[in-house]
Q: 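Before I ask anything, let me first share the structure, which is written out below as structure tokens.
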Number of protein chains: 2
Amino acid sequence: MAKASNRIYSHYTREALELFAALIREARLEKKMTAQELADRSGISRGLVQRIEKADPSCAIGSVFEVASILGLVLFDSDEHSLAEKRALAISKIALMPKSVRKTKREVDDDF
Amino acid sequence: MAKASNRIYSHYTREALELFAALIREARLEKKMTAQELADRSGISRGLVQRIEKADPSCAIGSVFEVASILGLVLFDSDEHSLAEKRALAISKIALMPKSVRKTKREVDDDF
DNA sequence: ATACAATGATCTATATATGAGTCATAAATT
DNA sequence: AATTTATGACTCATATATAGATCATTGTAT
């Protein structure tokens with residue numbers, strides 16, 4: 001068996017994973033697609049689709065996003081900006097920031 | 001080397017991955033956290049943080065979400081409903097749907 | 001200008017995710 | 001009610017992601 005990997009995840013992470021999994025399964029059923037079909041179209045195995053729909057944290061993020069994409073799920077809630085725009089925006093913002101973080105003696109980071 | 005896995009991903013998937021990666025790096029720099037620090041707090045290695053920030057599709061989704069969670073990134077844009085609420089909603093919706101998809105002779109699924 | 005710490009890149013070894021089956025059960029259509 | 005397909009659960013073999021180094025370089029701060 002896959003041994004379930006005894007890693008620990010935050011509550012938030014688990015819930016996000018479970019929501020994502022539920023959205024995927026919901027979309028698949030809505031589109032009346034079998035797990036096998038979805039697997040084929042996504043270029044992965046049926047077993048992996050099953051694990052994705054069970055919110056297995058060890059699945060490759062690329063596979064999960066691809067499945068979501070095939071199902072037409074909207075990632076990162078595109079409201080005003082498109083996905084590409086948001087990406088470009090974030091990247092240009094990063095360009096303006098210090099490229100590496102320097103730990104001075106100034107205690108831990110207290111930015112709140 | 002990791003051999004980069006020659007899998008193919010949709011354009012949408014790639015952009016989503018890159019946006020996610022950018023948001024993570026941006027948040028880390030904003031919080032003045034070193035890659036090592038983020039790795040420690042997330043329970044992963046620095047190398048993995050690097051790959052995540054480079055939008056490597058093969059990273060485990062659990063690790064990526066955990067990193068995002070540590071950085072306080074909001075997954076699935078919680079507007080009206082909380083993450084948990086959305087999850088519960090999706091799950092109860094699934095419960096009302098047919099549990100398995102049946103392929104009749106009625107051509108492929110033409111739902112558009 | 002110098003020092004030092006963080007990053008990026010790369011390598012190796014090990015753990016483990018994934019694909020490819022199989023089987024039993026559940027559930028949808030007839 | 002009977003049939004047949006999709007699903008869920010499991011096993012095994014193999015590919016590969018990950019941790020854990022090290023080293024060169026870049027960037028920050030003094």
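The sequence lines fix the lettering, A, B, ..., with proteins before strands; numbering per chain opens at 1.
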Q: Name the residue closer to the 5' end of DNA chain C, choosing between B:Ala60 and B:Gly47 according to the nucleotide with the nearest heavy atom.
A: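 Closest to the 5' end, via its nearest nucleotide, is B:Gly47.
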
Q: Can you measure B:Ile44 atom CD1 to D:dA17 atom C1' for me and round it to whole angstrom units?
A: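 The distance from CD1 of B:Ile44 to C1' of D:dA17 comes to 12 Å, rounded to the nearest Å.
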
Q: With sequence neighbours excluded, what pairs up with A:Arg46 under the salt bridge (charged side-chain N to carboxylate O under 4.0 Å, His left out) test?
A: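 None.
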
Q: Expressed as a whole number of angstroms, how long is the span from A:Arg46:CZ to C:dC23:C1'?
A: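 Going from A:Arg46 (CZ) to C:dC23 (C1'), I get 11 Å.
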
Q: What is the distance, to the nearest angstrom, from the CG atom on B:Leu48 to the P atom on C:dA17?
A: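 Checked: the CG to P distance equals 13 Å.
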
Q: Tell me which residues in residues 16-28 of chain B lie within less than 4.0 Å of DNA chain C, going by non-hydrogen atoms.
A: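 B:Arg25, B:Arg28 - these, ordered by number, are the residues of the stretch whose heavy atoms sit under 4.0 Å from the strand.
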
Q: About how many Å separate OH of B:Tyr12 and CG of A:Leu83, when rounded to the nearest 0.5 Å?
A: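 Result: 5.0 Å between the selected atoms.
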
Q: Given C:dA9, is OP1 or OP2 found less than 4.0 Å from the side-chain N or O atoms of B:Lys54?
A: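 Result: yes.
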
Q: Checking B:Thr13 against A:Glu66: is there a side-chain donor and acceptor pair closer than 3.5 Å?
A: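 Yes, side-chain donor-acceptor contact under 3.5 Å.
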
Q: Rounded to whole Å, how long is the line connecting atom NZ of B:Lys32 with atom P of C:dA6?
A: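 Rounding to the nearest Å, NZ of B:Lys32 and P of C:dA6 are 14 Å apart.
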
Q: Parallel, tilted or perpendicular for B:Phe76 and A:Phe20, by the 30°/60° rule?
A: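 Plane angle over 60°, so perpendicular.
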
Q: To the nearest Å, give me how far apart CG (B:Asp56) and P (C:dG8) are.
A: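 One finds 14 Å between P of C:dG8 and CG of B:Asp56, rounded.
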
Q: Quick one: on DNA chain D, does A:Arg7 or A:Met97 contact a more 5' nucleotide (nearest heavy atom)?
A: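 Its nearest nucleotide being more 5', the pick is A:Arg7.
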
Q: Starting the side chain at C-beta, find the nucleotide from C:dT18, D:dT18, D:dT7 nearest to A:Thr34.
A: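 Of the options given, the side chain of A:Thr34 lies nearest D:dT7.
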
Q: Should the pair A:Arg7 and A:Tyr9 be classed as cation-pi, given the thresholds of under 6.0 Å to the six-membered ring centre and 45° from the axis?
A: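 Relative to the ring axis of A:Tyr9, which defines the angle, A:Arg7 lies inside both limits.
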
Q: Under 3.5 Å, which protein N or O atoms sit close to an N or O of nucleotides 24-27 of chain D? Give each pair with its distance.
A:
unit_1, atom_1, unit_2, atom_2, d
D:dG27, N2, A:Arg102, NH1, 2.6

Q: Can you tell me how far P of D:dA17 sits from CG of B:Asn6, to the nearest Å?
A: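 These atoms are roughly 10 Å apart.
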
Q: I want to verify a distance call: between C:dG19, D:dA9, C:dA9, whose nearest atom is closest to the A:Gln50 side chain?
A: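 Between C:dG19, D:dA9, C:dA9, the one nearest the side chain of A:Gln50 would be D:dA9.
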
Q: Taking 4.0 angstrom as the limit, do B:Lys103 and A:Glu37 come out as a salt bridge?
A: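 Judged by the 4.0 Å cut-off on N to carboxylate O distance, B:Lys103 and A:Glu37 do form a salt bridge.
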
